[in-house]
**Student:** 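Below you will find the structure I want to go over with you.
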Amino acid sequence: MGFKTKDSKDNKQNGAKFDMVATEAIVQNARVVTDDLITFTLKCHGFSLYNMKLVNGKKGYFITPPSVKGSNGAYYNQYAIYLSEEDEKSLIDSVLVVAGVEEA
């Protein structure tokens, strides 16, 4: 499951979005794991989100946080962050550039 970029049907997000510019977010330590998976760190002013993933899925690229496998066999995200569509695209582009997959 990727990060949410749009409000869900039950509208739990109330429009709150992570502001990448205000937190001075930069991509670091991008590592190509497979053709469809890049791991990276999103370093922000005051905190870092480690082990994030950029996945190339059936519908294109999406970003997902690290997850853990529960005792029921399902996977659960360790944290959630809500991005605007513009920030999500910008983050995807940044990860691809830092990983050396695409040029700016």
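Nothing here was measured: the structure is a model prediction, and the numbers come from that model. Starting from 1, each residue takes its place in the sequence as its number.
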**Student:** For Ser71, give me all partners under side chain to side chain contact (heavy atoms under 4.5 Å, CB included), at least two apart in sequence or on another chain.
**Tutor:**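 Listed in chain order: nothing, the list is empty.
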
**Student:** Can you name the closest pair of heavy atoms from Tyr76 and Asn72 and give their distance?
**Tutor:**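 For Tyr76 versus Asn72, the nearest heavy atoms are OH-ND2, 2.8 Å.
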
**Student:** Out of the candidates Ile63, Leu49, Ile26, only one should pair with Leu42 under the side chain to side chain contact (heavy atoms under 4.5 Å, CB included) rule; please name it.
**Tutor:**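 Of the listed residues Ile63, Leu49, Ile26, the side chain to side chain contact (heavy atoms under 4.5 Å, CB included) partner of Leu42 is Leu49.
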
**Student:** Same hydrophobic cluster for Leu37 and Tyr75, using side-chain heavy-atom links shorter than 4.5 Å among ILVMFWY?
**Tutor:**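 No: no chain of side-chain contacts under 4.5 Å links Leu37 to Tyr75.
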
**Student:** Could you list the donor-acceptor pairs under 3.5 angstrom formed by side chains in residues 54-61, with sequence neighbours left out?
**Tutor:**
none

**Student:** Is there a path of hydrophobic side-chain contacts, each under 4.5 Å between heavy atoms of I/L/V/M/F/W/Y residues, joining Phe40 to Tyr79?
**Tutor:**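 As far as the 4.5 Å side-chain criterion goes, Phe40 and Tyr79 are connected within one cluster.
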
**Student:** Going by the side chain to side chain donor-acceptor pair (under 3.5 Å) test, which pairs reach into residues 89-98, not counting sequence neighbours?
**Tutor:**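 Residue pairs with at least one partner in residues 89-98: Lys89-Asp93.
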
**Student:** I would like to know whether Ile38 and Leu96 meet side-chain contact (heavy atoms from CB on, under 4.5 Å); could you show each step before the answer?
**Tutor:** CA-CA 8 Å; Ile38 299 171; Leu96 293 172; 3.9 Å; yes

**Student:** Is there a side-chain contact (heavy atoms from CB on, under 4.5 Å) between Asp87 and Lys17 once you walk through the steps?
**Tutor:** CA-CA 10 Å; Asp87 279 349; Lys17 302 281 191 256; over 6 Å; no

**Student:** For Asn29, which residues count as a side chain to side chain contact (heavy atoms under 4.5 Å, CB included) partner, sequence neighbours excluded?
**Tutor:**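 Once residues adjacent in sequence are excluded, the partners of Asn29 under the side chain to side chain contact (heavy atoms under 4.5 Å, CB included) criterion are Thr41.
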
**Student:** Applying side chain to side chain contact (heavy atoms under 4.5 Å, CB included), name anything that partners Gln78, two or more places apart in sequence or on another chain.
**Tutor:**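 Per chain and number, Gln78 pairs via side chain to side chain contact (heavy atoms under 4.5 Å, CB included) with Pro66, Val68.
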
**Student:** My understanding is that only residues two or more places apart in sequence, or in another chain, count here; which of them pass side chain to side chain donor-acceptor pair (under 3.5 Å) with Asp35?
**Tutor:**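 Once residues adjacent in sequence are excluded, Asp35 has no partner under the side chain to side chain donor-acceptor pair (under 3.5 Å) criterion.
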
**Student:** Please report the shortest heavy-atom distance between Phe62 and Glu88, naming the atom on each side.
**Tutor:**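 It is CA-OE2, 4.4 Å.
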
**Student:** Taking all non-hydrogen atoms of both residues, which atom of Phe18 and which atom of Thr23 are closest, and how far apart?
**Tutor:**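 Taking Phe18 first and Thr23 second, the nearest heavy atoms are CZ-OG1, 3.3 Å.
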
**Student:** Determine, using the 4.5 Å side-chain heavy-atom cutoff (strictly less than), whether Phe47 and Tyr50 are members of one ILVMFWY cluster.
**Tutor:**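 Shared cluster, no.
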
